[in-house]
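For reference, the structure discussed in these notes is given below.
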Amino acid sequence: MSPHELDLLVIGDCNPDVLVLGDDVTPAFGQQEKLVSGISLVIGGSGSITAVAAARLGLRVALAAAVGDDPAGEFMLAQLAGEGVGTSAVAVRREEPTGMTVALSEGKDRAILTATGAMATLTAQDVPASLLAAARHVHVSSYFLMERSLGPGLAALLTAARAGGARTSLDTNWDPAQRWGDGSLRAALAATDLLLPNEAEALHLSGAATLAQAMTVLTAAGPELVIKLGARGALWAEGARQYRAEPPPVTPADTTGAGDCFNAGVIAGLLGGLGLAGAVALGCATGAASTLGPGGTAACPDLAAAQALARSVTVRPA
């Protein structure tokens, strides 16, 4: 590919979600059976959801990830291709199963069980240099699920992307090991233009007691910072001033993937020439819209719908 034929390269996880919906989805052990509203197999993985949401917003998108040589991997490749996401850089591992997630969703909250499988084998060497050079923006999702395999080479990969003229962003997502990073993550942050954690992740990553302190610590590591606050919107800083975006009120059917769709909206806004405030507003709109349907991608809006909803986002000093 020639330079910048691709708007967005997402590097991250690719796995189906087994989505369980209901008013009470807490399992009861002791061989008890409970009935729930619905169970479905949908596109999962933060990286995959961000890629699909960005494609719905009109971006030219490719995904670099790893799946197994099995029906779950075939499902994901077919679903992504159907959404217009390039899958040539999705490695197929014959020796590993595709990762799988069970998401137990009660609408406003959810619990997540994940077996990483092949996703935890992705390395920097799996990312084609041609795709890296072609992308206007490179985004990394679910860092901690791939920390051991991707972490050691990620800083060099992001540095190369920047050298080719791309902007870079990172959403670490939750750390199941509760270690919250080491030298590899610090090096990657130094080569990251925009960090996109949620509130809990920002506090853990920074070791801070408050969001204000977290913002100071994390921006000192190198990147610009946008902290996702769920239904309360998002928080970010420009220079010494902090700002808050408040999304339009929606009644969520399922919040799975809302943060990943938020990321797609922010990236689409930046690539469309918006400043950070406008991009965050588009992110809030995209994330809010995504909660109106089950799973991470069913309700992802197109660009016109996201832009219309973004006009209802309120931006004010924090």
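Here the structure is a predicted model, which means the values were calculated and not measured. Reckoned from all heavy atoms, side chains included, excluding hydrogens, waters and symmetry mates.
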*With sequence neighbours left out, write down each residue that passes side chain to side chain donor-acceptor pair (under 3.5 Å) with Thr87, or none if nothing qualifies.*
none

*With Thr114, which residues qualify under side chain to side chain donor-acceptor pair (under 3.5 Å), at least two apart?*
Thr101

*Single-linkage hydrophobic cluster Leu6~Leu158, side-chain heavy atoms < 4.5 angstrom*: yes

*Any chance you could measure Ser48, atom OG, to Leu80, atom CG, to the nearest 0.5 Å?*
5.0 Å

_Glu83: which residues meet the salt bridge (charged side-chain N to carboxylate O under 4.0 Å, His left out) condition with it, sequence neighbours left out?_
Arg56

*Just wondering, do Asp109 and Thr255 contact through their side chains at under 4.5 Å, heavy atoms?*
no

*First locate atom CG of Leu150, then atom OG of Ser184, and finally report the distance between them rounded to the nearest 0.5 Å.*
9.5 Å

*asked:* I'd like to check Leu104 versus Thr26 (side-chain heavy atoms, cut-off strictly below 4.5 Å). Are they in contact?
replied: no

*Among side-chain atoms of Ser206 and His204, is any donor-acceptor pair under 3.5 angstrom?*
no

_Please list all pairs meeting salt bridge (charged side-chain N to carboxylate O under 4.0 Å, His left out) that have one or both residues in residues 209-228, counting only residues at least two apart or in different chains._
Arg167-Glu224, Asp171-Lys228

_If you define the side chain from C-beta out and look only at heavy atoms, does anything of Asp193 sit under 4.5 Å from Pro223?_
no

*So, do Thr123 and Pro152 sit near enough that their side-chain heavy atoms are less than 4.5 Å apart?*
no

*Might you point out which heavy atoms bring Val226 and Ala234 nearest each other, and give the distance in Å?*
CG1-CB, 4.1 Å

*Partner residues of Arg241 under the salt bridge (charged side-chain N to carboxylate O under 4.0 Å, His left out) criterion, sequence neighbours left out*: none

*Closest heavy-atom pair and its distance - Ala285, Ala306*: CB-O, 3.4 Å

_Sequence-distant partners of Asp175, salt bridge (charged side-chain N to carboxylate O under 4.0 Å, His left out), two or more places apart_ = none

*Considering residues at least two apart in sequence or located in another chain, which fulfil the ring pair (Phe, Tyr, Trp, His ring centres under 6.0 Å) criterion with Tyr243?*
Trp236

_Quick check: do Val20 and Ser40 have side-chain heavy atoms less than 4.5 Å from each other?_
no

*From Ile49 CD1 over to Thr256 OG1, what is the distance, rounded to the nearest 0.5 angstrom?*
7.5 Å

*asked:* side chain to side chain contact (heavy atoms under 4.5 Å, CB included), that's the test. Do Ile11 and Val127 meet it? Break it down for me.
replied: CA-CA 8 Å; Ile11 302 168; Val127 181; 4.1 Å; yes

*asked:* I need the minimum non-hydrogen distance between Thr50 and Asp260, along with the two atoms involved.
replied: OG1-O, 3.0 Å

*Is it possible for you to say whether Val250 and Leu229 belong to one hydrophobic cluster, with membership spreading through side-chain heavy-atom contacts below 4.5 Å?*
no

*Test side chain to side chain contact (heavy atoms under 4.5 Å, CB included) on Leu225 and Met215 and set out the steps.*
CA-CA 7 Å; Leu225 175 70; Met215 294 185 78; 3.8 Å; yes

*Thr159 versus Thr168: any side-chain heavy-atom pair under 4.5 Å?*
no

*Drop me the distance from Leu195's CG to Glu201's CD, to the nearest 0.5 angstrom.*
9.0 Å

*Tell me, do Val280 and Val315 make a side-chain contact under 4.5 Å, heavy atoms counted?*
no

*Kindly state each residue pair satisfying salt bridge (charged side-chain N to carboxylate O under 4.0 Å, His left out) with at least one member in residues 296-318, sequence neighbours excluded.*
Glu246-Arg316

*Can you run down the salt bridge (charged side-chain N to carboxylate O under 4.0 Å, His left out) pairs that involve residues 262-283, sequence neighbours left out, and say none if there aren't any?*
none

*Of the non-hydrogen atoms in Ala188 and Ala155, which two are nearest, and what is the gap between them?*
N-CB, 3.8 Å

*Hey, could you give me each pair passing salt bridge (charged side-chain N to carboxylate O under 4.0 Å, His left out) that has a residue in residues 9-27? Not counting sequence neighbours.*
Asp24-Lys34

_Using every non-hydrogen atom in the two residues, find where Leu185 and Tyr143 come nearest and quote the distance to one decimal._
N-OH, 3.4 Å

_Keeping Thr216 on the side-chain end and Ala212 on the backbone end, is there a donor-acceptor pair under 3.5 Å?_
yes

*Identify the two heavy atoms, one from Cys261 and one from Ala53, that lie closest to each other, and give their separation to 0.1 Å.*
SG-CB, 3.9 Å

*Between Asp254 and Arg110, is the closest basic N to carboxylate O distance under 4.0 Å?*
no

*Partners meeting side chain to side chain contact (heavy atoms under 4.5 Å, CB included) with Leu271 (sequence neighbours left out)*: Asp7, Leu59, Arg136, His137, Ile267

*Got a second to check how far Arg232's CZ is from Glu199's CD, nearest 0.5 Å?*
4.5 Å

_Are Val102 and Leu21 connected into the same hydrophobic cluster when the rule is that any two of I, L, V, M, F, W, Y join if their side-chain heavy atoms are below 4.5 Å apart?_
no

*Return the set of residues passing side chain to side chain contact (heavy atoms under 4.5 Å, CB included) with Pro247 (not counting sequence neighbours), or none when no residue passes.*
Cys284

_Ile227 vs Asn198 side-chain heavy atoms within contact, under 4.5 Å_ = no

*How long is the gap from CG on Asn173 to CG on Leu196, to the nearest 0.5 Å?*
10.0 Å

